[in-house]
Amino acid sequence: MRYWLMKSEPDEASIDDLADAPHRTLPWTGVRNYQARNFMRDSMQVGDGVLFYHSSCPEPGIAGLAKVSSTAYPDPTQFDPKSPYFDPKSTQETPRWLLVDVVFAKKTPLIPLAALREHDELAGMRVLAKGNRLSITPVTAHEWNFITKRLM
DNA sequence: GCCAACGTTGGC
DNA sequence: GCCAACGTTGGC
């Protein structure tokens, strides 16, 4: 059982979109970074906790909780020439890009990025590091407990 | 819109 | 294998 922070642009998929999706589940499509892919492929397990983070929006921050609900499997958008996530170098036999399914757990009052920065307990979070661009980052049990029990 | 930081590409 | 150039991310 591990914990993760996963970024999503709310214009693409917000916590409300996740809550409204069939089975309250969305495939986490569009990851095109090897490090983030490797987290999904090598470390994610069904039931892992997810901090659902809204990025590139007026109020960036944690907007809710979710769970990993599948192991990694090929992201179908890499094979679709009409998709913005199309990757001409990927083949069905050796897909480059994977995704996991994520299921809604709950919506929470938004915890803005600036609020996360106020706590020494969270200073090690990768999402707070200067220049961080990774869309999937590991979260420690301590950070998870602090956020879910103290900030929600 | 700006720009710092980062990842990827491709020439050599 | 190096590294400059380029494209993208994402907060502000």
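Throughout, protein chains are lettered first and strands after them, A, B, ... in sequence-line order, and every chain is numbered starting at 1.
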> Output side-chain donor-acceptor pairs under 3.5 Å for residues 104-128 of chain A, partner residues at least two apart or in another chain, one line each.
{"residue": "A:Lys107", "atom": "NZ", "partner": "A:Asp16", "partner atom": "OD1", "Å": "3.0"}
{"residue": "A:Lys107", "atom": "NZ", "partner": "A:Asp16", "partner atom": "OD2", "Å": "3.3"}
{"residue": "A:Arg117", "atom": "NH1", "partner": "A:Leu128", "partner atom": "O", "Å": "2.9"}

> Please list every donor-acceptor pair under 3.5 Å in which a side-chain atom of residues 57-64 of chain A meets a protein atom from a residue at least two apart or in another chain.
none

> Does A:Lys7 put a side-chain nitrogen or oxygen below 4.0 Å from OP1 or OP2 of C:dT8?
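Answer no for this pair, as no side-chain N or O of A:Lys7 is under 4.0 Å from OP1 or OP2.
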> Identify which nucleotide among B:dT8, C:dC12, C:dG10 has an atom closest to any side-chain atom of A:Ser55, counting heavy atoms from C-beta outward.
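That would be C:dG10.
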> Rounded off to whole Å, could you give me the NE2-to-C1' distance for the A:His54 and C:dG11 pair?
16 Å
> Expressed in angstrom and rounded to an integer, what is the separation of A:Lys130 atom NZ from C:dG10 atom P?
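In whole Å, C:dG10 P lies 17 Å from A:Lys130 NZ.
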> Would you mind listing every side chain to side chain donor-acceptor pair (under 3.5 Å) that reaches into residues 62-80 of chain A, with sequence neighbours excluded?
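Those involving residues 62-80 of chain A are A:Thr29-A:Asp75, A:Thr29-A:Thr77, A:Arg32-A:Asp75, A:Arg32-A:Thr77, A:Tyr73-A:Asp101, A:Asp75-A:Thr77, A:Gln78-A:Ser90.
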> Whole-Å distance between C:dT8 P and A:Asn132 CG?
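Rounded to the whole Å, the gap is 19 Å.
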> Only one of A:Trp144, A:Phe39, A:Phe146 forms a ring-ring contact (aromatic ring centres under 6.0 Å, His included) with A:Tyr3, so which one is it?
A:Trp144
> Let me know the distance between CG of A:Asp11 and C1' of C:dG11, rounded to the nearest Å.
15 Å
> Centroid-to-centroid, A:Phe86 to A:Trp97, below 6.0 Å?
no
> Not counting sequence neighbours, list each pair that qualifies as a side chain to side chain donor-acceptor pair (under 3.5 Å) and has a residue in residues 45-55 of chain A.
A:Trp4-A:Asp48
> In whole angstrom, what separates A:Leu113's CG from C:dT9's P?
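Between P of C:dT9 and CG of A:Leu113: 18 Å.
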> Expressed in angstrom and rounded to an integer, what is the separation of A:Arg32 atom CZ from B:dT9 atom P?
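Taking atom P of B:dT9 as the reference, CZ of A:Arg32 is at 13 Å.
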> Among the nucleotides C:dG10, B:dT9, C:dC12, which one has an atom lying closest to any side-chain atom of A:Lys89?
B:dT9
> Are any protein N/O atoms closer than 3.5 Å to N/O atoms in nucleotides 4-7 of chain C? If there are, list each pair with its distance.
none

> Check the distance between C:dT9's P and A:Tyr34's OH and give it to me in whole angstrom.
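My rounded result for the distance is 15 Å.
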> Between A:Glu9 (CD) and C:dT8 (P), how many Å, whole number?
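Interatomic distance, CD of A:Glu9 to P of C:dT8: 13 Å.
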> Tell me whether the side-chain N/O atoms of A:Tyr53 come closer than 4.0 Å to OP1 or OP2 in C:dG11.
yes
> Sequence neighbours left out, what passes salt bridge (charged side-chain N to carboxylate O under 4.0 Å, His left out) with A:Asp87? Give chain and number order.
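Once residues adjacent in sequence are excluded, the partners of A:Asp87 under the salt bridge (charged side-chain N to carboxylate O under 4.0 Å, His left out) criterion are A:Arg96.
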